[in-house]
Amino acid sequence: MVERLKNHDRIADERVLAAMRAVPRHIFVPEVLTGKAYDDHALPIEAGQTISQPFIVARMTELLELERDARVLEIGAGSGYQTAILAHVAGQVFAIERLPELARLAQARLRRLNIHNAVVTCFDGTLGWNAHAPYDAALVAAGAPAITESLITQLKIGGRLVMPIGERRDAQRLIRIIKTEHGYDQEDYGACAFVPLIGRHGWSEAK
Ligand code: SAH
């Protein structure tokens, strides 16, 4: 999996590749899918959600440009796989997941892997997590209808926010935002498809 990320997908950040090598993805997928855990696909997980494709996990982590002591906010922890990768690369990870069953499972998996610099909590992540702000970086793993200003507010100047944004619930562009003194810069990293971000500053629950 890691060779493909490096040679085919052009993931260049050695610390991201090391994290992808270190974290066993099969721990984060339902048992019946263990055999597919190292294929480069998103897979269904509990509660009708998905574990992101390894390539997109690596790409988003790389785009955050994390220092070893970085403080990171993650929204949409899902299985906890992305959380574990972030915890390997950064200093502290504060992860939010709106579905209690997933939050509980994700936290248990992190504990099982002896990852102690990440917490997963359950609430609406579109509000961010002000108690631990400001963050060096923030990652949203679900598709939002628009840029979530509340998350930019919680970033340090120079901080990075990577999130999928799209006018449709099922198709987005991967956007990186860099906070500046007076606002923010925005870059587009291409098409992607995430499950919808549901909450106050996201989509409504009903389809
Ligand atoms: N990176 C995760 C992706 C999980 S899918 C992984 O690889 O496992 C996205 C997750 O975002 C889902 O679990 C969904 O429940 C969650 N989500 C959607 N809206 C949310 C919100 N407002 N706050 C927190 N989590 C949210």
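Basis for what follows: all heavy atoms, side chains included, without hydrogens, waters or symmetry-related copies. On a predicted model such as this, the values are computed, not experimentally measured, just so you know. Whatever order the structure lists ligands and atoms in, that order sets their numbers, starting from 1.
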Counting only N and O atoms by type, is there a donor-acceptor contact under 3.5 Å from the side chain of Asp136 to the main-chain atoms of Arg71? yes
Could you give all pairs that pass the ring-ring contact (aromatic ring centres under 6.0 Å, His included) test and reach residues 60-84, with sequence neighbours left out? Phe28-Tyr81
Hey, are the side chains of Val119 and Val93 touching, using non-hydrogen atoms and a 4.5 Å cut-off? no
Under 3.5 Å, is there a donor-acceptor pair linking the side chains of Arg59 and Tyr189? no
What about the rings of Phe123 and Trp129, do their centers lie closer together than 6.0 Å? yes
Check this for me, if you would: do Asp13 and Arg15 make a salt bridge, where the nitrogen-to-carboxylate-oxygen distance has to be below 4.0 angstrom? no
When you look for protein heavy atoms under 4.0 Å from ligand 1, which residues do they belong to? Gln49, Thr50, Ile51, Ser52, Ile75, Gly76, Ala77, Gly78, Ser79, Gln82, Ile96, Glu97, Arg98, Leu99, Leu102, Phe123, Asp124, Gly125, Thr126, Ala141, Ala142, Val195, Pro196, Leu197, Ile198
